[in-house]
Amino acid sequence: MEAGLPANTSAERKARPASGIVHLGLGAFFRAFGCVYVADAMAASGGDWGIIGVSLRSPDTRDALKRRDWRYLSVTLAPDSEEIRDIEVLNNVLVAPENPRAVLEAMADPAIKIVSLTVTEKGYCHNPSTGALNLEHPDIQHDLTNPHPVSAPGFLVRALEMRRTAGHMPFTVLTCDNLPENGKLVRGMVLQLAKEIDPRLAAWTETNGRFPSTMVDRITPATTQADIDRIAAHTGISDAAPVFHEPFSQWAIEDDFVDGARPDFAAAGAEMVTDVTAHENMKLRMLNGTHSALAYTGYLAGHETIADTIADPVFARYARLLWSEIMPSVEAPKGVSLADYADALFARYSNPSIRHRTWQIAMDGSQKLPQRILGTLRDNMAAGRSSPGLCLAVAAWMRYGAGTDEAGQPIDVRDPLADQMRDAAGTSDTVAGKVAAYLALRDVFPADLADRLQEPLTQAAESLWRDGARRAIEKVAT
Ligand code: CS2
């Protein structure tokens, strides 16, 4: 028998439920999260909710999953134990650049009731500081005139167009990315793009479409080759696409689906709510905000993972300082204690089995900072509260974007604005000049916020550039 797996999971294959969901952006996160909920929902309550995954860029995930006929191992890593499950919920994986038509046809099939997405912040091709679709984005420019799209909004709109023409209802768009009011945001972008293509399509989508917002949460580091080798040695299963994640998982979903058609998510442990805003704000600001703060400062100080960072007492104090700055700006969801939530986050970050690299979280900061940190800073300034910890986080992002670490080693900065960031950091010999150049990046900082941030950020950045991240934190997190 395959070691570590319950006997029934390696048993003969059962017939699979038909597909009811197309998922765009089949990365490790959705396989560790949404796929598991859908598998559990079907196990509890049935339904044809098999998933067709779509990779919008590379064939790697498809090629890796194909080898086990779309099954993969999901490994739950607790601090001192692990649990392995074989997840069988995918029915196929398509690679959009190879055959965009096949993706559109799958999305236009009336048996598909939901199109879910984890395409990361930048996958929406929007302006992070305003939330509006960026019509100048090259992928959107392409999709405006080409019936075979390349962007996620393009696929949504073209597939909705096919459904409208065929006389079908739209699918529900279920976004699972860490964006504020993510459903509303994607709705606005879809309507904006649809309007450019055909105003009747926009009107039809506005009336019939549904875009529930969701709050998703499970820490899922990228899978490494060492993980793959280890799990193969342990289970005897050669799986090229296993996922590794923490035990914690939380999904709050607005219960607003076309014709009410959805898996029994609640049976799988999801919270079905009427308004997810409070959950989303809490999670984006308290979890993702501190994650980004620890990622930039931790990386600069030479820490490889979040667990390594938080094990350093200076950074443990920093995390506590950050939560104390963030909590006054967050309205707790009903029945939730923010102090308990912060304690639970501290314990989750400390899990040594989760090797979540600071470098991974540091990616795409220009797309993440507005909803993770800048909204809190805006609220705190309006209320007259100072935020030295959060200012240090933004300054650390700027310092990181300069492209070399504190030891002078090059940093592989992955960000759609990487060039602009490097230019901003190199633009002036003074730290105040660098900060001013960063604050002029309108995709990140709206003009009014930029003005008010110049002074506190300069103060934080001067300390950071002069003293290094660890010492600068020691000075504010006493
Ligand atoms: C992280 C998130 O990579 C990142 O930016 O902050 O992916 C985080 O791990 C998840 O949102 C946790 O639910």
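Both backbone and side-chain heavy atoms feed into the values below; hydrogens, waters and symmetry mates do not. One-based numbering, in listed order, for ligands and for the atoms of each. Sequential numbering from 1 along the given sequence is applied to the chain's residues.
- Take Ala347 and apply the side-chain contact (heavy atoms from CB on, under 4.5 Å) test, not counting sequence neighbours, and it matches no residue.
- Between Trp251 and Tyr37, the ring planes lie perpendicular to each other; the angle is over 60°, past the 30° to 60° tilted range.
- Residue pairs satisfying the salt bridge (Lys or Arg N to Asp or Glu O under 4.0 Å) criterion with at least one member in residues 328-340, sequence neighbours excluded, are absent.
- Residues passing the side-chain contact (heavy atoms from CB on, under 4.5 Å) test with Ile228, sequence neighbours excluded: Thr223, Gln225, Pro242.
- Relative orientation of the Phe315 and Tyr318 rings is perpendicular, given thresholds of 30° and 60° on the angle between their planes.
- Ring planes of Phe30 and His23: parallel class, angle under 30° (limits at 30 and 60°).
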Could you tell me, for ligand 1, which of its N or O atoms are under 3.5 Å from any protein N or O, listing the pairs and their distances rounded to 0.1 Å?
residue: ligand 1; atom: 5 (O); partner: Lys368; partner atom: NZ; Å: 2.8
residue: ligand 1; atom: 5 (O); partner: Arg372; partner atom: NH1; Å: 3.0
residue: ligand 1; atom: 5 (O); partner: Arg372; partner atom: NH2; Å: 2.9
residue: ligand 1; atom: 6 (O); partner: Asn288; partner atom: ND2; Å: 3.2
residue: ligand 1; atom: 6 (O); partner: His291; partner atom: ND1; Å: 2.8
residue: ligand 1; atom: 6 (O); partner: Arg372; partner atom: NH1; Å: 3.2
residue: ligand 1; atom: 11 (O); partner: Asn178; partner atom: ND2; Å: 2.9
residue: ligand 1; atom: 11 (O); partner: Lys283; partner atom: NZ; Å: 2.6
residue: ligand 1; atom: 11 (O); partner: Asn288; partner atom: ND2; Å: 3.0
residue: ligand 1; atom: 13 (O); partner: Asp217; partner atom: OD1; Å: 2.6
residue: ligand 1; atom: 13 (O); partner: Arg218; partner atom: N; Å: 3.0
residue: ligand 1; atom: 13 (O); partner: Lys283; partner atom: NZ; Å: 3.1

